[in-house]
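Below: one structure, written as structure tokens.
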Amino acid sequence: MLDKIYTPAEIEARLYAAWEDSGAFACRPDAGARPYSIVIPPPNVTGSLHMGHALNNTLQDVLIRHRRKQGCDALWQVGMDHAGIATQMVVERQLADEGLDRNALGRDAFIERVWNWKAESGGSIIRQLRRLGASADWARERFTMDEGLSAAVRKVFVELHREGLIYRDKRLVNWDTHLRTAISDLEVEQREIDGFLWYIDYPIEGSKNKHITVATTRPETLFGDTGVAVHPEDPRYADLVGGAAILPLVGRRLAIVGDTYSDPERGTGAVKITPAHDFNDFEVGVRHGLAAINVLDASGRMNDEVPEAYRGLDRFEARAKAVAELEALGLLVKTEPHRHVVPHGDRSGSVIEPWLTDQWFVDAETLAKPAIEAVERGDIVFVPKNWEKTYFEWMRNIQPWCVSRQIWWGHQIPAWYGPDGMVFVAMDETEAADAARAHYGETATLTRDADVLDTWFSSALWPFSTLGWPEETPELARYYPTDVLVTGFDIIFFWVARMAMMGLHFTDEVPFRTVYIHALVRDEKGQKMSKSKGNVIDPLELIDRYGADALRFTLASMAAQGRDIKLSEKRVEGYRNFATKLWNAARFCEMNECASTPSFDPAACSQTVNRWIVGELMRAAEAGDEALDAFRFNDAANGLYQFTWGSFCDWYLELVKPMLYGPEGAERAEARACAAWVLDQILHLLHPFMPFITEELWQRLDATRTEALMATRRPPYAEALRHEDAGREMNWVLRLVSEVRAVRAEMNVPAAARMPLLVRGAGEEHWTWLKSHGPSIEALARVASIARDEGVARFGCVQAVLDEVSLILPLADVIDLEAEQARLAKEIARLHDEIGKIENKLANDKFVSRAPPEVVEEQRERRGSAARTRARLEEALASLAG
RNA sequence: GGGCGAUUAGCUCAGCGGUAGAGCGUCUCGUUUACACCGAGAAUGUCGGCGGUUCGAUCCCGUCAUCGCCCACCA
């Protein structure tokens with residue numbers, strides 16, 4: 001016997017372990033079933049489960065379990081990302097606590113330390129995903145720094161280099177002075193900062209007191225100035241173009257050039273040009289042949305290119321000093337408060353410097369072309385489709401991708417330098433040495449490039465590297481391209497676009513056919529949840545409190561929301577209640593011997609109520625499947641919720657109670673079997689959303705079952721289960737019960753009061769229905785009996801109306817006749833208005849001639865129905881008036 | 001500056017050319033042998049404003065307003 005309350009904590013761990021032990025999560029390449037595959041967006045090895053993961057993985061698990069139960073050979077490829085910078089930061093912080101740093105440790109020891117950290121405390125998220133019920137194929141778990149995946153990375157690097165799509169170049173990159181590494185454009189976030197705009201006079205060469213005033217937010221970079229630009233058509237400076245200014249504090253000669261980059265409206269219209277420290281200035285410098293002088297070191301301190309007094313100063317100290325000195329010299333014209341955007345590193349949060357270094361770049365523009373075409377052709381489809389626009393915008397304006405990072409944790413770049421700087425890119429050291437010997441004619445001393453690759457470089461290969469590429473494995477042949485990628489819009493550029501590029505380039509196929517983009521889970525104020533903001537809701541706490549199923553159902557039912565999901569705990573509580581409801585429906589079935597289904601043919605059952613619920617179930621199942629096919633998780637979840645709670649619990653179980661409690665016989669037997677069968681189907685249908693409770697009930701309700709629900713294929717539903725006739729009949733009966741209940745409640749008829757239900761105006765069909773559902777109607781509408789009433793008007797009755805039928809409850813001594821009159825009058829007035837509106841519409845020639853005939857017909861039917869109801873109500877009102 | 005999205009019941013949000021929906025909350029009634037984490041019923045909306053298209057607009061188009069996000073931008 002089931003308990004009254006479902007207690008998830010006791011059950012979830014046991015079931016999960018049993019599933020995992022039984023091998024139910026594993027793909028079955030030999031099963032002869034259609035393959036269906038999803039690769040997980042690999043969580044960072046440093047990560048712990050947050051609400052975004054919970055949503056992302058719930059949706060994937062719903063799809064995987066759904067397909068598995070449909071009979072597919074489902075592979076959910078799981079694994080983790082080494083998360084270069086993030087992980088290195090974690091371990092460096094630990095070292096700092098011990099008073100160490102990575103340089104003291106040395107590279108090899110440091111990397112070993114990171115591996116140890118990973119073994120001990122990394123990847124807690126993988127355990128937490130199990131708490132959520134994720135049915136991933138854990139035996140196939142991969143890590144981006146696995147041997148196989150690392151080989152894939154090297155292979156891709158070598159090939160792209162051979163094709164000229166990876167190259168080394170000296171150019172300005174985004175430099176993080178805190179982490180002392182280059183980062184990509186995407187890892188830079190622009191923040192609005194209150195700063196200052198300083199106006200500085202640069203004396204004009206060969207003139208005693210003439211000067212040109214430039215405005216800058218970064219006075220400390222003036223040491224790197226090599227020019228001043230003005231707009232070629234700016235009359236204020238026309239006579240200066242071609243001349244030169246003298247750089248204050250330094251005395252260097254600066255060419256004054258005319259360049260349209262200069263905007264006469266901004267600042268003074270004259271802009272100092274610092275090619276080594278500004279992306280725009282770099283371009284101007286190239287156009288006018290200006291030198292690029294780097295004045296900063298890797299930590300953002302002034303280097304030896306600046307006057308001695310400034311050397312070694314932090315850039316911000318240097319800024320203050322320069323301003324003070326300029327002011328003392330009388331060259332600082334004015335200082336304005338100035339709000340402007342300043343680039344910051346997304347990891348370190350420090351101000352990013354454009355810095356001139358040698359880095360490795362991927363020719364993203366070339367790789368992007370096929371990836372753009374794949375989406376244009378529909379080989380990759382975004383759901384929702386509007387994200388394609390975002391994808392196109394970025395891909396069509398894509399910049400070279402800086403992939404080298406000056407950190408230690410990651411894939412070391414497979415490039416070796418000869419004594420003369422010649423570079424040999426190879427799969428390994430031996431291969432590089434061979435190439436060097438061939439080049440130099442003798443064995444050469446090679447030095448490996450110290451840098452590692454951007455973490456996203458290996459993530460870009462994830463859909464095929466995890467399946468064994470570059471080996472031609474059976475898994476790669478069977479599960480690639482994957483069916484769908486489920487992810488958030490925040491990594492469309494970082495990850496989705498790059499997988500599309502790499503996948504197409506190296507496999508000639510798209511890595512996934514569909515990209516389902518879901519919302520981000522935010523806090524109640526709509527802020528992105530983050531540790532630093534301290535607004536994180538821990539999914540594990542919700543699982544502890546309400547169960548994994550309740551959390552999963554909540555997330556699935558909210559998946560339709562636009563770009564934000566504001567998670568409310570009340571909602572989780574509501575779906576916990578749903579789990580309890582399901583549990584108790586099963587408990588009821590168990591108590592009434594509806595638990596197992598020895599023999600029930602849903603196509604051939606005879607009782608209308610049974611045929612009706614079978615048809616309803618089938619429609620719910622179809623709607624659910626369609627919704628999931630279209631990734632409308634919310635519709636699927638809500639539809640099943642409505643069917644389970646509304647149709648099955650509130651109506652069906654109540655309708656069959658008289659039969660279940662009644663005498664032994666064919667009727668009771670069929671009701672038992674049908675209830676059991678429908679409950680069984682509900683467990684199948686809800687399982688992808690609520691795997692734990694459904695599995696537990698499935699196994700508890702029928703001890704003879706040997707296979708787990710998750711591994712049991714859901715039966716297909718034949719057309720013969722539709723039972724449309726039963727639907728028509730039951731809908732009428734249900735409406736009738738509702739009418740009686742409503743009028744009783746409105747008239748404050750005591751729940752315990754039983755009276756005959758007199759029915760007037762029912763045709764033969766309706767009367768047949770009334771007779772055959774008599775006991776159910778009596779129980780649900782709480783009436784003593786049902787009788788025909790075609791006699792004279794009765795006084796003092798409460799009446800409900802169902803189209804042309806009057807439902808009469810003789811209650812003169814119980815109810816307030818005036819209130820009943822008022823109720824009827826109000827209802828009549830409402831119908832009167834409605835009929836008026838419809839008649840206006842029908843009187844409109846244009847409507848009748850231009851609207852589709854079925855719409856016109858529908859309006860006529862509505863008018864007829866409303867008129868019949870109104871006539872009945874008027875009759876009732878008249879009878880009250882006596 | 002470019003782009004995207006939102007504005008619907010008290011709250012959180014679905015819907016999207018033809019009777020406005022859900023959950024929560026509110027109110028009324030109810031210890032009916034599955035469930036009070038429940039049951040029955042009720043109330044609440046000029047679907048942001050203004051134009052347009054249409055026989056018909058919450059839905060399509062234009063425009064404005066407010067809010068939010070992404071991209072670009074250290075004069």
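Just so we're on the same page: letters track the sequence lines, and every chain starts at 1. Only this structure's heavy atoms are used, side chains among them; waters, hydrogens and symmetry mates stay out.
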* Does A:K566 have a side-chain nitrogen or oxygen under 4.0 Å from the phosphate oxygens OP1 or OP2 of B:C11? -> no
How would you label the contact of A:T221 with the nucleic acid (heavy atoms, under 4.0 Å): base, sugar-phosphate, or nothing?
nothing
Considering only heavy side-chain atoms of A:P852, the closest of B:A34, B:G18, B:C74 is B:G18
Q: Considering only NZ, NE, NH1 and NH2 on the basic side and carboxylate oxygens on the acidic side, decide whether A:R868 and A:D803 come within less than 4.0 Å.
A: no
When rounded to whole Å, the CD to C1' distance for the pair A:E857 and B:C55 reads 17 Å
From CD1 of A:I492 across to C1' of B:C69 the rounded distance in Å is 12 Å
Using only modelled atom types and a 3.5 angstrom limit, is any donor from either the side chain of A:E654 or the base of B:A34 paired with an acceptor on the other?
yes
* To do: Salt-bridge test for A:E336 and A:K334: reply yes if a basic N is under 4.0 Å from a carboxylate O, no otherwise.
  => yes
Taken to the nearest whole Å, CD/A:E858 to P/B:U19 is 7 Å
Looking for any heavy atom pair under 4.0 Å, which part of the strands does A:I352 touch: base, sugar-phosphate only, or nothing?
base
Exactly one of A:Y641, A:Y546, A:Y6 clears ring-ring contact (aromatic ring centres under 6.0 Å, His included) with A:Y575, and that residue is A:Y641
Distance below 4.0 Å between A:W387 side-chain N/O and B:C70 OP1 or OP2: no
- Task: For A:I838, report the nucleic acid contact type (base, sugar-phosphate, nothing); a contact means any heavy atom under 4.0 Å.
- Result: nothing
Hits for side-chain contact (heavy atoms from CB on, under 4.5 Å) against A:E861, two or more places apart or cross-chain, chain-then-number order -> A:E857
A:L567 atom CG is separated from B:C13 atom C1', nearest whole Å, by 13 Å
Q | Pairing of A:E820 and A:R823 as salt bridge, 4.0 angstrom limit | A | yes
Here the distance between atom C1' of B:C35 and atom CZ of A:F578, to the nearest Å, is 13 Å
Would you call the rings of A:W198 and A:F196 parallel, tilted or perpendicular if under 30° counts as parallel and over 60° as perpendicular? tilted
Assign each of A:G267 and A:L186 the nucleotide of RNA chain B bearing its closest heavy atom; nearer the 5' end lies the nucleotide of A:L186
Q: Go through the N and O atoms of the side chain of A:K4 and the base of B:C35, and report whether any donor-acceptor pair is under 3.5 Å.
A: no
field: Euclidean distance for P, B:C13 against B:U7 (whole angstrom)
entry: 10 Å
Pairwise C1' distance, B:U31 and B:G15 [rounded to whole Å]: 39 Å
Does any donor atom in the side chain of A:D201 or A:T213 lie under 3.5 Å from an acceptor atom in the other side chain?
-> yes
Per atom distances to the A:K581 side chain, the nearest of B:G18, B:C71, B:C38 is B:C38
A:E187 atom CD is separated from B:C71 atom P, nearest whole Å, by 13 Å
Item to complete: Scan A:V341 against the nucleic acid and name what it touches under 4.0 Å (heavy atoms): base, sugar-phosphate only, or nothing.
Response: base
Rounded to whole Å, the NZ-C1' distance (A:K837 to B:A20) equals 12 Å
On the nucleotide B:C4, are OP1 or OP2 found under 4.0 Å from the side-chain N or O atoms that A:K389 carries?
yes
*asked:* Strictly below 4.0 Å: does A:K657 bring a side-chain N or O up to OP1 or OP2 of B:A34?
replied: yes
Which is true for A:R218 with a 4.0 Å heavy-atom rule: it touches a base, it touches only sugar-phosphate, or it touches nothing?
-> base
Using a strict 4.0 Å threshold on nitrogen-to-oxygen distance, state whether A:R571 and A:E569 make a salt bridge.
-> no
Salt-bridged, A:R862 to A:E858, with N to O below 4.0 Å?
no
Original post:
Do the side-chain N or O atoms of A:N577 get closer than 4.0 angstrom to the phosphate oxygens (OP1, OP2) of B:A36?
Top reply: no
Is any N or O donor-acceptor pair between the side chain of A:R576 and the base of B:C37 shorter than 3.5 Å?
-> yes
Can you tell me how far P in B:G2 sits from the matching atom in B:A43, rounded to whole Å? 49 Å
Dot-bracket assigned to RNA chain B with the 3.5 Å Watson-Crick/G-U criterion, [ ] for crossing and | for other-strand pairs, is (((((((..((((....[..)))).(((((.......))))).....(((((..]....))))))))))))....
Under 4.0 Å between a side-chain nitrogen and a carboxylate oxygen: does that hold for A:E590 and A:R700?
no
Check: Across the strands shown, which category fits A:R744 at heavy-atom distances under 4.0 angstrom: base, sugar-phosphate, nothing?
Finding: nothing
- Message: Under 4.0 Å between a side-chain nitrogen and a carboxylate oxygen: does that hold for A:E189 and A:R191?
- Response: yes
| request: Classify the angle between the aromatic ring planes of A:F489 and A:W387 as parallel (below 30°), tilted (30 to 60°) or perpendicular (above 60°). | output: parallel
Once you apply a heavy-atom cut-off of 4.0 Å, does A:D650 come out as touching a base, just sugar-phosphate, or nothing? sugar-phosphate
Taking B:U19, B:C35, B:C74 as options, the one with an atom nearest any side-chain atom of A:R862 is B:U19
When rounded to whole Å, the CE to C1' distance for the pair A:M395 and B:C71 reads 15 Å
Parallel, tilted or perpendicular: ring planes of A:Y391 versus A:F382, cut at 30 and 60 degrees
tilted
For A:R587, which contact category applies under a 4.0 Å heavy-atom criterion: base, sugar-phosphate, or nothing?
sugar-phosphate
Does A:N638 reach a base, just sugar-phosphate, or nothing at all? Heavy atoms under 4.0 Å.
nothing
Between A:F489 and A:A742, the residue closer to the 5' end of RNA chain B by nearest nucleotide is A:A742
Discussion item. Please give the distance between the C1' atoms of B:C50 and B:U58 as a whole number of Å.
Written reply: 16 Å
Once base and sugar-phosphate atoms are separated, protein heavy atoms under 4.0 Å mark nucleotides 25-30 of chain B, 5' to 3', with B, S and - as ------
| said: Does A:A851 reach a base, just sugar-phosphate, or nothing at all? Heavy atoms under 4.0 Å. | reply: base
Does A:Y661 put a side-chain nitrogen or oxygen below 4.0 Å from OP1 or OP2 of B:A34? yes
Which part of the nucleic acid, if any, lies within reach of A:C649 when heavy atoms closer than 4.0 Å are counted: base, sugar-phosphate only, or nothing?
base
May I ask you to evaluate whether A:R571 reaches the phosphate of B:C24, defined as a side-chain N or O under 4.0 Å from OP1 or OP2? no
| said: Considering every strand and a 4.0 Å limit on heavy-atom distances, what is the contact class for A:N592: base, sugar-phosphate, or nothing? | reply: nothing
Please classify the nucleic acid contact of A:N397 as base, sugar-phosphate, or nothing, using heavy-atom distances under 4.0 Å.
nothing
Name the nucleic acid region contacted by A:F648, choosing base, sugar-phosphate or nothing; use a 4.0 angstrom heavy-atom cut-off, strictly under.
nothing
